[in-house]
Every structure is written in C-alpha cells, then in structure tokens.
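Below is one structure, written out as structure tokens, with a few remarks after it.
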Amino acid sequence: MNLQTFLDDVASIVAASDDQHEITERVAERLSALLDSGYRLPPELTRPSPDHHVNYPLHLAPGWCVAVVVWAPGQRTPVHGHETWGAVGIYSGAEREIRYAKPTGPGPLVELGEQVFRRGEVTVCCTTDDDVHSVVAESGEPTIGIHVYGADIGTIERRRYDPATGDVEWFVGGWHTPAGTPV
C-alpha cells in the first residue's frame with residue numbers, strides 16, 4: 001500500500017461515519033495494512049530531538065490529520081489527553097503506554113495499566129471517552145509512530161494532567177519541521 005491509498009482510505013472512513021469507535025477500528029485496520037506493506041517514511045520525518053519528542057505533520061485534512069511522532073530513547077510524554085479520536089501504528093522502536101482513568105473530579109489519577117507496542121503493532125490510543133495516557137520510548141533506537149487523529153492535533157487545545165493531584169493544564173502541542181523548529 002502506498003501513502004496516497006492509505007490517505008484516500010482514511011478520508012473515506014471519516015466521511016462515512018460519525019461514530020468515533022467505528023472510525024478508529026477501521027483506521028487502525030488501514031494503518032496496520034500500511035505498516036505491513038513496507039511503507040517507508042521520508043528520512044527527514046524520522047529524526048528525533050535530543051530534548052523532547054517531536055510531532056511532524058504528514059497530512060492535514062479538514063477534520064483529521066496524520067502525524068509522525070518521534071521520541072529519542074528514554075523520552076516520555078507528560079500525562080495528557082487528545083480531545084479527539086486517534087489510532088497509532090509503531091513504525092520503529094517500541095512505546096510503553098500507561099493509561100489512566102479519565103478523571104471525573106479532583107484527586108490523584110487512577111492508573112489502569114500499561115502495554116508495550118512494538119514495530120508493526122497498532123492501537124486505538126484515544127476516543128473522547130477514553131483519553132488519558134503517558135508514553136515512554138522503550139527501545140535503544142528512536143521510537144517512531146504514525147498517528148491518525150480526528151482533528152489537527154498540532155493546533156487543538158488539549159489537557160495535560162498532574163497524576164498526583166489530577167490538576168489540569170491546557171496546552172497546544174504544535175508542529176515541528178524536520179529540522180526540529182516549531183512551525
């Protein structure tokens with residue numbers, strides 16, 4: 001499968017349904033097929049930053065996007081939400097995801113468990129009713145994920161959580177250019 005076929009498939013899936021659970025299931029299937037096909041990302045979209053994970057836009061469309069997220073070994077995200085649906089396929093490396101119950105009030109977050117995803121594996125990372133996690137790059141090589149979201153993830157306001165208190169801070173993740181400079 002080439003990238004254009006994948007993008008056309010995702011566009012059709014998004015246009016055909018408003019059910020985020022159906023959309024993420026079908027997008028995850030197409031993302032798995034893309035990874036299984038031997039698709040190669042452009043090398044400039046596989047470069048990590050030594051300071052923080054980076055988000056490269058691969059495709060922006062009305063109502064959804066495809067991002068390439070790259071972590072150097074050992075980097076981690078804060079506990080955060082997405083405020084939209086999403087599916088993630090691991091292109092290289094390994095990512096450990098720690099999921100939390102979506103808080104309903106003040107207090108410490110409740111950890112629901114964790115799972116490690118490796119090259120070729122795909123997961124539904126989020127729906128608006130199940131959307132709190134942290135990610136750690138687990139392997140000795142950069143961890144690269146292809147992420148498909150139901151909004152422009154680089155520009156929407158999202159929640160970052162303090163796991164000890166449940167306090168919320170709103171943020172915008174932004175986009176990076178291949179050189180690592182925010183767009």
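Just so it is clear, the model here is predicted, and its values are computed rather than measured.
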Tell me whether the rings of His147 and Tyr149 are parallel (<30°), tilted (30 to 60°) or perpendicular (>60°).
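Tilted: the ring planes of His147 and Tyr149 meet at 30° to 60°.
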For Trp64 and Asp152, test the side chains for any donor-to-acceptor distance below 3.5 angstrom and give the result as yes or no.
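Not at all, the side chains of Trp64 and Asp152 share no donor-acceptor pair under 3.5 Å.
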When you compare the side chains of Thr165 and Asp167, does any donor N or O come within less than 3.5 Å of an acceptor on the partner?
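There is such a pair (donor and acceptor under 3.5 Å, judged by atom type) between the side chains of Thr165 and Asp167.
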If you compare all heavy atoms of [X] against all heavy atoms of [Y], which two are closest, and at what distance to 0.1 Å?
X      : Y      : answer
Thr77  : Ser134 : O-OG, 2.7 Å
Ile98  : Glu111 : CG2-CD, 3.5 Å
Thr143 : Ser139 : OG1-OG, 3.8 Å
Val148 : Trp85  : O-CZ3, 3.8 Å
Val168 : Arg159 : CG1-CG, 3.6 Å
Cys126 : Thr84  : SG-O, 3.4 Å

Within one Ile-Leu-Val-Met-Phe-Trp-Tyr cluster: [X] and [Y], side-chain cutoff 4.5 Å:
X      : Y     : value
Ile144 : Met1  : yes
Leu34  : Val88 : no
Leu58  : Leu7  : yes

Is the NZ or CZ atom of Arg160 both under 6.0 Å from the centre of the six-membered ring of Phe171 and within 45° of that ring's axis?
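Checked: cation-pi criterion met.
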Tell me whether Arg158 is salt-bridged to Glu83, with the criterion being a basic N under 4.0 Å from an acidic carboxylate O.
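So Arg158 does not pair with Glu83 through a salt bridge.
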Are Glu97 and Arg99 close enough for a salt bridge, meaning some N to O gap below 4.0 Å?
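Here Glu97 pairs with Arg99 in a salt bridge, since their nearest N and O are under 4.0 Å apart.
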Flag side-chain contact, heavy atom, 4.5 Å: Val135 against Glu114:
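Val135 does not reach Glu114 side chain to side chain.
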Verdict with supporting geometry, Val14 and Val10, side chain to side chain contact (heavy atoms under 4.5 Å, CB included)
CA-CA 6 Å; Val14 171; Val10 173; 4.1 Å; yes
Is it the case that atom CG in Asp18 sees more than 12 heavy atoms from other parts of the structure closer than 6.0 Å?
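Open: at most 12 neighbouring heavy atoms sit under 6.0 Å from CG of Asp18.
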Gln75: which residues meet the side chain to side chain donor-acceptor pair (under 3.5 Å) condition with it, sequence neighbours left out?
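With sequence neighbours excluded, Gln75 shows a side chain to side chain donor-acceptor pair (under 3.5 Å) to no residue whatsoever.
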So Leu3 and Phe6, side chain to side chain contact (heavy atoms under 4.5 Å, CB included) or not? Walk me through it.
CA-CA 5 Å; Leu3 179 61; Phe6 171 73; 4.2 Å; yes
Interatomic distance, Ser92 atom OG to Arg119 atom CZ [nearest 0.5 angstrom]:
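Spacing of OG (Ser92) from CZ (Arg119) equals 7.0 Å.
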Centroid separation Trp71 to His52 less than 6.0 Å
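Here the rings of His52 and Trp71 have centres that are no less than 6.0 Å from each other.
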